[in-house]
Structure formats: C-alpha cells, structure tokens
*Asks:* 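Below is the structure I would like to discuss, written out as structure tokens.
Just so it is clear, the structure is predicted and the values come from calculations on it, not from any experiment.
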Amino acid sequence: MCPLFSIQDPVAGGSGITNVRVGAKNGEVVSLKNLGEKDDVILVTDTGRTIRFKSHDIPLQGRGGLGVKLMDLREGESISGVAIIGEEQE
C-alpha cells in the first residue's frame, strides 16, 4: 500500500510514474485500489481460495518499491478477484 499523495506527480513530463518495480522476484501488479484505514480487503484465487484482512495490516510502501505479498499462492494459482469492503457495507 502506498499513500495516494506520493503517487501524484504533475511534473512527470509524460514519462509516467513508477508505481511498483516488477520482476521475476515479485511478479505483476494484480490490482490498484484506493483504501480507507478501516476497510477490509478480500482476495480470491482462480481456484476459489479466499482471504480477508484489514487494510491497516498492509505495510505502507514508498513509490517504486517491490510491493507487499498479501497471499501465498500455490503453483499455477493466480489472483482472480480483489474487493474492498468499507465500514458502511457490512
């Protein structure tokens, strides 16, 4: 998770802004979502496994970091869905 203010850069000169450095070690970015401190995050895999956790449990990362591993995936498994559950939705 990265604070929103740290990814807004109006002087990027059209070259874009690095969000997360991707590579063989950390894989692709699956989803970008705007989270509140009291929101819950639900991840669902293509095999139906599901995990739910509080957004405040996700460590903050600086712009251009390697990201955070949120779920252990089995071989060949991938994330197929990401949902944000706000306080008012429960």
*Asks:* Between Asp40 and Ile84, does a side chain to side chain contact (heavy atoms under 4.5 Å, CB included) hold up when you go through it step by step?
*Replies:* CA-CA 6 Å; Asp40 284 3; Ile84 307 304; over 6 Å; no
*Asks:* Does the side chain of Val82 come within less than 4.5 Å of Lys33's, by heavy atoms?
*Replies:*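 Touching, per the 4.5 Å side-chain cut-off.
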*Asks:* I want to check something: taking the side chain as every heavy atom from C-beta on, are Arg49 and Met71 in contact at a cut-off of under 4.5 Å?
*Replies:*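 Yes - at least one pair of side-chain heavy atoms lies under 4.5 Å apart.
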*Asks:* Using a strict cut-off of less than 4.0 Å between a Lys/Arg side-chain nitrogen and an Asp/Glu carboxylate oxygen, indicate whether Asp72 and Lys69 qualify as a salt bridge.
*Replies:*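 Salt bridge flag = yes for Lys69 with Asp72.
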*Asks:* Do Thr50 and Ile42 come close enough that some side-chain heavy atom pair is under 4.5 Å?
*Replies:*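 Answer yes - side chains close enough.
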*Asks:* Looking at Asp46 and Ser78, would you say the former's side chain and the latter's main chain have a donor-acceptor pair under 3.5 Å?
*Replies:*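 Present.
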*Asks:* So, for Ser55 and Gly36, which heavy atoms are closest and what is the spacing to 0.1 Å?
*Replies:*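 Closest approach of Ser55 to Gly36, heavy atoms only: OG-O, 2.6 Å.
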*Asks:* Report yes if the side chains of Leu70 and Ile79 come closer than 4.5 Å at any heavy-atom pair, otherwise no.
*Replies:*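 The answer is no; the side chains never approach within 4.5 Å.
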*Asks:* How would you list, by chain and number, every residue that makes a side chain to side chain donor-acceptor pair (under 3.5 Å) with Asp57, sequence neighbours excluded?
*Replies:*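 Asp57 satisfies side chain to side chain donor-acceptor pair (under 3.5 Å) with no residue once adjacent residues are dropped.
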*Asks:* Tell me if a side-chain donor or acceptor on Ser80 pairs with a main-chain N or O of Thr45 at a distance below 3.5 Å.
*Replies:*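 At least one qualifying donor-acceptor pair exists.
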*Asks:* After noting the C-alpha distance and the side-chain angles of Lys54 and Val41, does the key distance pass the side chain to side chain contact (heavy atoms under 4.5 Å, CB included) rule?
*Replies:* CA-CA 6 Å; Lys54 301 283 186 192; Val41 178; over 6 Å; no
